[in-house]
Amino acid sequence: MRLPWPSGYECLLQFVHFCYHGTMKKKAVLYTQNFEKLATLAQSLVHEGWEIISAGATADFLKAQNIAVTVDRSLEEKNIPNPNFTRLCDMILRTNRAIQSSQYYTEAFVNLVCVNIQPAFQKLNDFLENDKSDNSIDLNSISMIRTAAKNYNNVIILTDPEDYEEAIIQIKTDSISSRFKLYLAGKALNLTSAYDATCSCSILQQGEGIVYPSYYMIPFKRSEKLRHGMNDHQTAYLYSINDQVGALSGIKKIQGKELNLNILENCFTAWKSISLFLKILKTPFTVESFDCNNYPFTTQFTPAAGSVFTVAIKNTNPIGAALGPNLLDSLRKTYACDPSSFHGAPFGCSSIVDREAAEKLLKIDFRAIIAPDFSREAKEILSQKKEMRLVIASKPISEYYEARSIDGGLIVQQPDWDIFEKWNVVTQTRPTQQQADSMAFGVMLSMISKSDAAIVLNDFAAVGISTGNTSRSRAVRFALEDAREYFQNNVNCGDRNAEILVSDSVINFDERTKAIADIGVKAIIQTGGAANDADFIQFCNEHGISMV
């Protein structure tokens, strides 16, 4: 077999170099954004007689560690074409194991490439800028990683500091396995695909005309091992967008056991409901309305700017929720909904947890509390429960997509942030201002509940909740039964009327539905569309009930 020779001039230079130095040095390109464990890797390579090629901040870091570095400015050069950088990539691609072990080996090869880059979402204007030669795509780093991955049989490609230690061991023992090199190439391509995806999403999600891209490519980085999955014997990891975007980047556990899948999902649902409250109910809003004679008017809702929202979640459904003038009052109303269900549930609130609330929370068996923050006194009080997780959430949820995994694919939809498009008052009686505001609160709760769902409200607090039912009539029936039990257990409550009934689907009017009058319901909101809507409307008119 005829072996490829270097060019004549390059061969002469390498021969002179060989005569002068006596031995050929292997070369390693180190050019990273993440300096974790990098000094240890570089020191080991130098100790084994390797030459380190680097530039920019990476070279400065290595020099500060007293590590000899050959600076190659082509790594930083962004102009295209860049012949010096092209030559470097060619050195990576031409590295051949057969030549290295032969008498024809020269130093015109690169044996190891350590390059990592952090995929990060950027502004659309960064890509639209056209008066610079340097744009938002790091072609050099990505090209080197792909080139080394292409030649994985002959070049060690490192993109993750987790792999440096194993690489050092295999280099020192001259036992670099084919399986390890293939594994490293797989991780390298995994990184380049994530980087490409962030660039794509940065452009398409901020551009015009693209709602659902041809390929759903949002990169998520493994960030945290969970205590366990859905069940104790299942393992689980949390993957997050590798950037300071989204609500998850603002969530931080400050006390308690590790999060498991159930606790994390329920905490996130609690924070999603709080985000809905902040987005929808804290500011004034109106809805286009029509009365029973189809006369148009506008319903204006009272902003809940001075209210505190609290919610308890189980199986990603609310089991109690309320608005109150302060955290302690809102917590009291939330807990009164169904105290027997609160064991092991996460609790969320829209305000900072203070000392008074912490003393009350300490007496309830919550698994986690998620809030914007905790006062110093509250942290001290709640630290008595070592297993209780305290989670700080600083960023409201602003999802661009909702995705659900199924075997072989994903179901992707845009999230629902619209509480009303319009509403029709189909009865002779219109809801009062307080009832309209309470309806808005109830519909917001139904947006975080699994369908079919029905919620009964009294004094801006849930007194009956039924979610995830297999039939619409069952949802309403169970919610009314819960409300009846609530009033039996809370005989001292001032207003014993189940004032508002909210249903996220059509209510079929039957004999069981007539219980709404017995329990004191004064206003109903539902989607409508049943065959006997007219009978239901007539029943409401006869009992002075307003229905939207």
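When a residue number appears, it is its place in the shown sequence, counting from 1.
Looking at residues two or more places apart in sequence or on another chain, you find no side-chain hydrogen bond (donor to acceptor under 3.5 Å, both in side chains) involving Ser405. Residues forming a salt bridge (Lys or Arg N to Asp or Glu O under 4.0 Å) with Asp163 (at least two apart in sequence, or on another chain): Lys187. Residues passing the salt bridge (Lys or Arg N to Asp or Glu O under 4.0 Å) test with Glu265: none are found, sequence neighbours excluded. Checked against side-chain hydrogen bond (donor to acceptor under 3.5 Å, both in side chains), Thr173 has the following partners two or more places apart in sequence or in another chain: Ser175. Applying the salt bridge (Lys or Arg N to Asp or Glu O under 4.0 Å) criterion to Asp90, with sequence neighbours excluded, gives Arg94. In this structure, the ring-ring contact (aromatic ring centres under 6.0 Å, His included) partners of Tyr216, at least two apart in sequence or on a different chain, are Tyr401. Taking the salt bridge (Lys or Arg N to Asp or Glu O under 4.0 Å) definition, one finds that Asp365 meets it with nothing, sequence neighbours left out. In this structure, Tyr31 has no ring-ring contact (aromatic ring centres under 6.0 Å, His included) partners at least two apart in sequence or on a different chain. Annotation: side-chain hydrogen bond (donor to acceptor under 3.5 Å, both in side chains) contacts of Asn66 (sequence neighbours excluded): none. Residues passing the ring-ring contact (aromatic ring centres under 6.0 Å, His included) test with Phe374: none are found, sequence neighbours excluded. Looking at residues two or more places apart in sequence or on another chain, you find no side-chain hydrogen bond (donor to acceptor under 3.5 Å, both in side chains) involving Ser54.
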Report the C-alpha separation of Phe85 and Asn140 in whole Å, then their side-chain angles, then the decisive distance to 0.1 Å, and conclude whether the side chain to side chain contact (heavy atoms under 4.5 Å, CB included) test is met.
CA-CA 8 Å; Phe85 179 75; Asn140 286 10; 3.7 Å; yes
Pair Glu76, Val71 - check side chain to side chain contact (heavy atoms under 4.5 Å, CB included), show working.
CA-CA 10 Å; Glu76 299 179 281; Val71 175; 5.6 Å; no
Show your working on side chain to side chain contact (heavy atoms under 4.5 Å, CB included) between Phe342 and Phe347 and close with a plain yes or no.
CA-CA 9 Å; Phe342 278 56; Phe347 171 80; 5.6 Å; no
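You'll find the side chain of Ser503 stays beyond 4.5 Å of the side chain of Arg472, heavy atoms only. Side chains of Val311 and Phe277 form no contact here, defined as non-hydrogen atoms less than 4.5 Å apart. Residues Leu158 and Leu184 are in side-chain contact: their nearest non-hydrogen atoms beyond the backbone lie under 4.5 Å apart. Between Pro303 and Thr283, every side-chain heavy-atom pair lies at or beyond the 4.5 Å cut-off. Two residues are said to be in side-chain contact when any heavy atoms from C-beta on lie closer than 4.5 Å; Ile171 and Ser44 fail this criterion. Side-chain contact between Leu45 and Lys26 is absent, with no heavy-atom pair separated by less than 4.5 Å. Using a 4.5 Å heavy-atom threshold, the side chains of Phe309 and Leu276 count as separate. You'll find the side chain of Val443 reaches within 4.5 Å of the side chain of Ser446, heavy atoms only.
A distance-only check finds no donor-acceptor pair linking the side chain of Lys257 to the backbone of Glu387 [under 3.5 Å]. Checked by atom type and distance alone, the side chain of Arg389 pairs as donor or acceptor with a backbone atom of Glu258 at under 3.5 Å. Side-chain atoms of Asp416 come within 3.5 Å of backbone N or O of Asp418 as a donor-acceptor pair. Of the possible donor and acceptor atoms, none in the side chain of Lys279 sits under 3.5 Å from a partner among the backbone N and O of Ile397. Panel note: side chain Asp504, backbone Ala453; a donor-acceptor pair is recorded below 3.5 Å. Within the 3.5 Å criterion, the main-chain N or O of Lys395 finds a donor-acceptor partner in the side chain of Trp271. Under the 3.5 Å distance criterion, the side-chain polar atoms of Asn266 are left unmatched by any main-chain donor or acceptor of Ala345. Side-chain atoms of Thr467 do not come within 3.5 Å of backbone N or O of Ser449 as any donor-acceptor pair. Between the side chain of Asn111 and the main chain of Lys27, a donor-acceptor pair closer than 3.5 Å is present. The main-chain N or O of Ser177 is found under 3.5 Å from a side-chain atom of Gln170 such that the two form a donor-acceptor pair.
Rounded to the nearest 0.5 angstrom, Ile52 CD1 and Asp72 CG are separated by 13.5 Å. Atom CD1 in Ile263 sits 11.5 Å away from atom CD1 in Ile370 (nearest 0.5 Å). Here Gln33 contributes atom CD and Asn116 contributes atom CG; the two are 7.0 Å apart, rounded to the nearest 0.5 Å. Within the model, atoms CG of Asp138 and CE of Met144 stand 8.0 Å from one another, a figure rounded to the nearest 0.5 Å. Within the model, atoms CG of Leu112 and CG of Leu30 stand 7.0 Å from one another, a figure rounded to the nearest 0.5 Å. If you take CG on Leu191 and OG1 on Thr159, they are separated by 5.5 Å, rounding to the nearest 0.5 Å.
Annotation for Ser466 and Ala475: closest pair CB-O, 3.4 Å, computed over non-hydrogen atoms. Between Lys37 and Pro161, the shortest heavy-atom contact is CD-O, 3.4 Å. Pairing each heavy atom of Ile274 with each of Gly348, the nearest pair is CD1-C, 3.7 Å. Closest approach of Pro372 and Ser351 over heavy atoms only: CD-O, 3.4 Å. Across every non-hydrogen atom of Ile465 and Gly320, the tightest pair is CD1-N, 3.7 Å. Scanning all heavy atoms of the two residues, the minimum distance from Ala321 to Leu445 falls at CB-CD2, 3.6 Å.
For the side chain to side chain donor-acceptor pair (under 3.5 Å) condition, the pairs that include at least one residue of residues 189-198, sequence neighbours left out, are Arg146-Asp196.
No more than 12 heavy atoms of other residues, nucleotides or ligands shown are found within 6.0 angstrom of NZ on Lys172. Heavy-atom contacts from other residues, nucleotides or ligands closer than 6.0 Å to CD of Glu165 number 12 or fewer. The neighbour count for Asn315 CG, taken as heavy atoms of other residues, nucleotides or ligands under 6.0 Å away, does not exceed 12. In Lys282, the NZ atom is crowded: over 12 heavy atoms of neighbouring residues, nucleotides or ligands sit closer than 6.0 Å.
Just one of Leu38, Val29, Thr58 meets the side chain to side chain contact (heavy atoms under 4.5 Å, CB included) condition when paired with Cys114; it is Leu38.
Relative orientation of the Phe61 and Phe35 rings is parallel, given thresholds of 30° and 60° on the angle between their planes.
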